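Comments concern the structure below.
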Amino acid sequence: MNLLEKLYSSFAIIFAFAFLFCIFTIKELQDLSILLPLTGVALFINIGLMFVVFKDIYFRNFENSTQKYIWFALILFIWPSVIIYLPLHGFKSRKAQ
């Protein structure tokens with residue numbers, strides 16, 4: 001990942017946690033007229049995060065070729081696995097592997 005992708009990934013994860021925290025703690029945000037636009041923004045930010053992470057997995061060389069497919073499946077079906085993938089592989093240089 002380059003610096004911009006790392007910054008975007010970090011921003012997207014921080015945004016997701018802040019979004020959930022605010023939704024559960026601020027009762028005014030639970031109103032549907034406010035919740036729908038905020039959820040739309042969160043959706044677009046998350047789509048960008050998935051694009052960046054999937055691109056990194058695609059171009060990364062893993063020791064075992066099945067690891068690539070396992071990471072694809074984990075991140076596609078279990079979103080919090082992004083939080084595990086990024087420090088283990090995503091924030092490291094692809095050239096070092």
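Computation of the quantities below employed the complete heavy-atom set of this structure, encompassing side-chain atoms and omitting hydrogens, waters and symmetry-equivalent molecules. For this chain, numbers begin at 1 and follow the sequence in order. Just so we're clear, the structure is a prediction, and the values are computed from it rather than from any experiment.
The OG1 atom of T25 sits 10.5 Å away from atom CG of L20, with the distance rounded to the nearest 0.5 Å. Taking OG1 from T66 and CZ from F72, the interatomic distance works out to 13.0 Å, rounded to the nearest 0.5 Å. For the atom pair CG (L36) and CG (L43), the distance works out to 11.5 Å, reported to the nearest 0.5 Å. Here the CG atom belonging to N61 is positioned 11.5 Å from the CD atom belonging to Q67, to the nearest 0.5 angstrom.
Linking ILVMFWY residues whenever their side-chain heavy atoms come closer than 4.5 Å, directly or via other members, leaves I34 and L32 in distinct clusters. In terms of hydrophobic clustering, with Ile, Leu, Val, Met, Phe, Trp and Tyr side chains grouped at heavy-atom distances under 4.5 Å, I47 and F77 are assigned to different clusters. Hydrophobic cluster membership is shared by F15 and I26, with clusters built from Ile, Leu, Val, Met, Phe, Trp and Tyr side chains linked at under 4.5 angstrom. In the hydrophobic clustering of ILVMFWY residues, with side-chain heavy atoms under 4.5 Å counting as a link, F44 and L38 come out apart. Hydrophobic cluster membership differs between I14 and L4, with clusters built from Ile, Leu, Val, Met, Phe, Trp and Tyr side chains linked at under 4.5 angstrom.
Contact record, F62 with I57: CE1-O, 4.0 Å, taken as the closest heavy-atom pair. Nearest heavy atom pair, residue R60 against residue G90, reads NH2-O, 3.6 Å. L74 and S81 make their closest contact through O-OG, 3.0 Å (heavy atoms, listed as atom of the first residue, atom of the second, distance). Between A16 and W79 the shortest heavy-atom distance is CB-CH2, 4.0 Å.
Within 6.0 Å of CZ in F91 there are more than 12 heavy atoms belonging to other residues, nucleotides or ligands. Within 6.0 Å of CZ in F54 there are more than 12 heavy atoms belonging to other residues, nucleotides or ligands.
Q30 places a side-chain N or O within 3.5 Å of a backbone atom of I23 that can act as its donor or acceptor partner. Judged purely by atom type and a 3.5 angstrom limit, Y8 uses its side chain to pair as donor or acceptor with the backbone of I45. Using modelled atom types, one side-chain atom of K68 and one backbone atom of Y58 make a donor-acceptor pair closer than 3.5 Å.
Here the side chains of L88 and W71 are in contact, with some heavy-atom distance below 4.5 Å. Inter-residue side-chain proximity for I83 and F17 is flagged as met; some heavy-atom pair is nearer than 4.5 Å. With contacts defined as side-chain heavy-atom distances shorter than 4.5 Å, the pair V41/F19 does not qualify. Side-chain contact between Y85 and D56 is present, with at least one heavy-atom pair separated by less than 4.5 Å. Side chains of L86 and I13 form a contact here, defined as non-hydrogen atoms less than 4.5 Å apart.
Residues meeting the salt bridge (charged side-chain N to carboxylate O under 4.0 Å, His left out) test with K55, sequence neighbours left out: E5.
The salt bridge (Lys or Arg N to Asp or Glu O under 4.0 Å) analysis of residues 70-91, with sequence neighbours excluded, yields no pairs.
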